[in-house]
Amino acid sequence: MKTATVSALTALLGAAALFSGGLALGNAPAAAPSAAASAAALQSPASSPSAPSPHAQGAKVIDDLPANYASDLDAATRALVEKGRYVARLGDCVACHTSAQGKPLAGGLALETPFGKLYSTNITPDATHGIGQYSFEQFERAMRKGVAADGHNLYPAMPYPSYAKMTTEDLQALYAYLMKGVAPVAQANQPLGMSFPFNQRWGLAIWNWFFLDDAPFKPVAGQTEAFNRGAYIVQGAGHCGACHTPRGIGFQEKAMSDQGSSGSYFLSGETVEHWRALSLRNLWTPEETAEMLKTGRNQHGTVTGNMVDVVQHSTQYMTDGDLLAIGTYLKALPAGQHDLPMQVAQGPAPAIAPAGAVAVPAAEGKVPADIYTSAGGLGYLQFCTDCHRADGQGVKNVFPPLAGNTALTSDDPSTLLHITLTGWKSPQTQSHARVLTMPGFARLGDAEIAGIANFVRKSWGRPNARPVTAAMVASMRKDLAAKNIDNSQFETPRLASMLGEPNAQQLVLGARLNIATHEMLPKNVGAAMNCASCHLNAGTVADGSPYIGVSAFFPSYAPRAGRVITMEDRINGCFLRSMNGKALPVDSEEMKAMVAYFDWMKRETKPGDKVAGRGVGKIDPKIVPNTDNGKQIYTAQCALCHGENGEGIKNAAGKWVYPPLWGDDSFNIGAGMARTYTAAAFVKRNMPIAFHEKFPLGQGGLSDQEAVDVAEYFTHMPRPDFAGKVKDWPKDKKPADARY
């Protein structure tokens, strides 16, 4: 759990889930581990470990909603407590009443406001600091009227206006759970940290008099059981309106249900702490909504903001029946004039499907025509395509497609800019236990971010949306206190800068050849590899074999080859060794473009200079590999992107998304990456991506031992031979870890 930062509106009048179906601009590997595992990058000794390393283990979903039932509960009481625990799921009690590294339900989570801090309270049955001395009547009054046992008014950050709709039976079950299913925690509540006049609770009684309707939910006559069950959850325990319903003059929700003269405002959308909580009315199909709530993702997007916590702690544990009921209710709400519309794209059937559902294949995406000719397009190409792909189709079961993504279809770019500046993490669910992380891109300039935002909105969202300006990004950066967390001395070259060069067209061709090598040069590439498979982001990532300064070192004498090697020779060496292909004619337009691209990357580098971030670093060759552990690490960290058997993955059109790591379409045994310790150094610094918040790919994070283990495993799998190996080391000894 993290300290929450909320606006005055959300701090005082309700904080809840943000169901944005948002976008994750960034890059991720074969799925990253849990947040706890991601923090552990253990440096192992130079020996073979006796037990699997942490990152070789599958991520474990930790359920932190207590189940400390007394052993002497009779069957009826135990059933009531079990029901109450489920009601606590519906209300997501644990998310707000648990502080960072705190004990569940013991309170202490800080809510930041411009007027000071609110802290969630201890709701364990501790008699001194919790609710252990509450009678049911006092508990019910707190839940329906926002009045504590001693008579003081609660701030509506505890969404009692929504909880008031809950049935007495559900409140009795919740009370039984909190009293008999949760161990008491003797943790004192934090004092109110709000300034005058906002620390005067008597004003809340006036607010209640004007705005609180404490009548329980009434089923709508003539509607189905599923509709009414969904309405009950959404309006009551789920308190969805706290974020998704616009606020009135008193910062009250303009409607608490879809009924009555103000009902058209209910769930029609609101902007909350720079997140665009879009309209939930007429939302998707019931099955698509159920899939989003159960897994944190569906074909239209992934959850962002506080909705990550809601899925992680609450909705993933709901029954499929309740999830479908929620979807049924939301789908039945007619769109209205107040809506912040959640436009959606068509696509395949969701995982939770009704009987007889038929899957509809997603339409094949197209690469935007200006991706290589606009600054925003090149920015997107450089920083976003590893996940979302050049055609915006994403990666099936990993990254959402951009077409119809709600962060792009909204006229308000708040969610898109928020994610881009501060990053994103996926919820940890039983179906997707491993957390994927998108780093924040605060290191990019305001104009750069605005250009990328406008490109993606125009290409896959709303072409007629108001433009994002650098000033808008700067304002959002300030409001969010978004800071660059990357202190690397390596300055990532911007592909967009090529457009200002006299030979821009040639440079862009060189970049394209790096990114789509095997597609553009099928006569020269005999595998599924691109230059960018190893030279990440077209050679612009520190410790990912960047091209910075490379051409300054050529021509150079190669001791092992016993001759001078030109830049063209070095490029062709990759075609022969790494791509199982044929040399590129040195006088071809393509070769000249590639050399020009490298020369553009030279910058001020002179022969002999040390360039920060160049190469892939070193790793201790004394570390003894453990291939059994390497196989487990591969399965846990690499297989989602590179295939269970190293075969790579393709999209629906049959095009490669991520390359194979062994087999005929992979790199030759003569490639540098076929050497254990070279590959290990690359893996340590660059794989998996989306492992944590490192700019720009969230890359790296395995220990030295883990990197050696997995490198030994995949480098020694079957792969194409290299015919030139008989004279590959004529003047110098071969590397100790060479395959031949």
Side-chain angles (χ1 to χ4, degrees), residues 22-28 274 304 368 370-388 390 392 399 402 405 407-408 413-425 437-461 467-500 508 511 515 532 536-544 546-548 600-601 603 612-613 686 689-690 692-699:
L23 149 94
L25 290 178
N27 304 274
H274 301 296
T304 55
D370 60 342
I371 194 168
Y372 284 102
T373 59
S374 65
L378 286 170
Y380 172 81
L381 188 78
Q382 181 172 2
F383 295 112
C384 312
T385 55
D386 274 0
C387 284
H388 297 289
F399 305 113
L402 299 185
N405 191 293
L408 305 184
S414 296
T415 294
L416 175 59
L417 297 183
H418 198 151
I419 295 172
T420 305
L421 285 166
T422 64
W424 166 89
K425 287 186 179 180
T437 300
M438 167 188 155
F441 287 83
R443 183 158 185 163
L444 300 185
D446 297 335
E448 289 180 286
I449 292 176
I452 294 171
N454 286 325
F455 173 79
V456 296
R457 277 154 63 86
K458 176 177 65 70
S459 300
W460 298 290
V468 176
T469 66
M472 293 166 64
V473 179
S475 177
M476 178 75 80
R477 187 192 298 269
K478 180 180 179 181
D479 289 346
L480 297 175
K483 297 181 180 178
N484 170 35
I485 61 173
D486 174 28
N487 297 317
S488 169
Q489 296 180 9
F490 181 87
E491 184 58 37
T492 302
R494 307 294 202 265
L495 297 185
S497 299
M498 294 186 298
L499 298 178
V508 168
I515 294 167
L536 303 178
N537 285 18
T540 64
V541 175
D543 300 314
Y547 297 137
I548 307 299
W600 175 74
M601 287 271 202
R603 300 297 192 265
N686 297 290
I689 48 178
H692 45 64
E693 297 177 347
K694 183 178 179 181
F695 177 87
L697 304 175
Q699 70 272 23

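Quick caveat: nothing in here was measured; it's all calculated off a predicted structure. Count residues from 1 along the sequence.
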So how far is it from [X] [atom1] to [Y] [atom2], rounded to the nearest 0.5 Å?
X	Y	atom1	atom2	result
Ile419	Thr304	CD1	OG1	4.5 Å
Leu381	Ile452	CG	CD1	10.5 Å
Leu444	Ile449	CG	CD1	5.0 Å
Thr385	Ile515	OG1	CD1	6.5 Å

Subject >> Ser475: partners by side chain to side chain contact (heavy atoms under 4.5 Å, CB included), with sequence neighbours left out >> reply: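 If we apply the side chain to side chain contact (heavy atoms under 4.5 Å, CB included) test to Ser475, skipping adjacent residues, the hits are Asp479.
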
Locate the shortest heavy-atom distance separating [X] from [Y]; write the atom from each residue and the value.
X	Y	result
Phe490	Gly613	CD1-CA, 4.1 Å
Ile371	Ala390	CD1-O, 3.9 Å
Ala538	Ala532	N-CB, 4.0 Å
Thr437	His692	CG2-O, 3.2 Å
Thr469	Ala450	C-CB, 3.8 Å
Pro696	Pro439	O-CG, 3.6 Å

**OP:** Determine whether Leu499 and Val508 make a side-chain contact, defined as any pair of heavy atoms from C-beta on separated by less than 4.5 Å.
**Re:** yes

Original post:
What pairs meet the side chain to side chain donor-acceptor pair (under 3.5 Å) rule with one or both residues in residues 438-456, with sequence neighbours excluded?
Top reply: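 Output for this query lists Arg443-Asp486, Arg443-Glu491, Asp446-Arg477, Glu448-Arg494.
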
**OP:** Could you tell me whether a side-chain N or O of Gln382 sits under 3.5 Å from a main-chain N or O of Pro493, the two making a donor and an acceptor?
**Re:**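 Checked: pair present.
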
Original post:
Sub-3.5 Å donor-acceptor pair from the side chain of Asn686 to the main-chain atoms of Asp543, do we have one?
Top reply: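 Such a contact is found between Asn686 side chain and Asp543 backbone.
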
Original post:
Is there a side-chain contact (heavy atoms from CB on, under 4.5 Å) between Met498 and Leu495 once you walk through the steps?
Top reply: CA-CA 6 Å; Met498 294 186 298; Leu495 297 185; 4.1 Å; yes

Original post:
With sequence neighbours excluded, what pairs up with Lys458 under the side-chain hydrogen bond (donor to acceptor under 3.5 Å, both in side chains) test?
Top reply: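 For Lys458 the side-chain hydrogen bond (donor to acceptor under 3.5 Å, both in side chains) partners, ignoring immediate neighbours, are Asp370.
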
**OP:** Test Leu697 against Leu536 for side-chain contact (heavy atoms from CB on, under 4.5 Å), laying out the working first.
**Re:** CA-CA 9 Å; Leu697 304 175; Leu536 303 178; 3.9 Å; yes

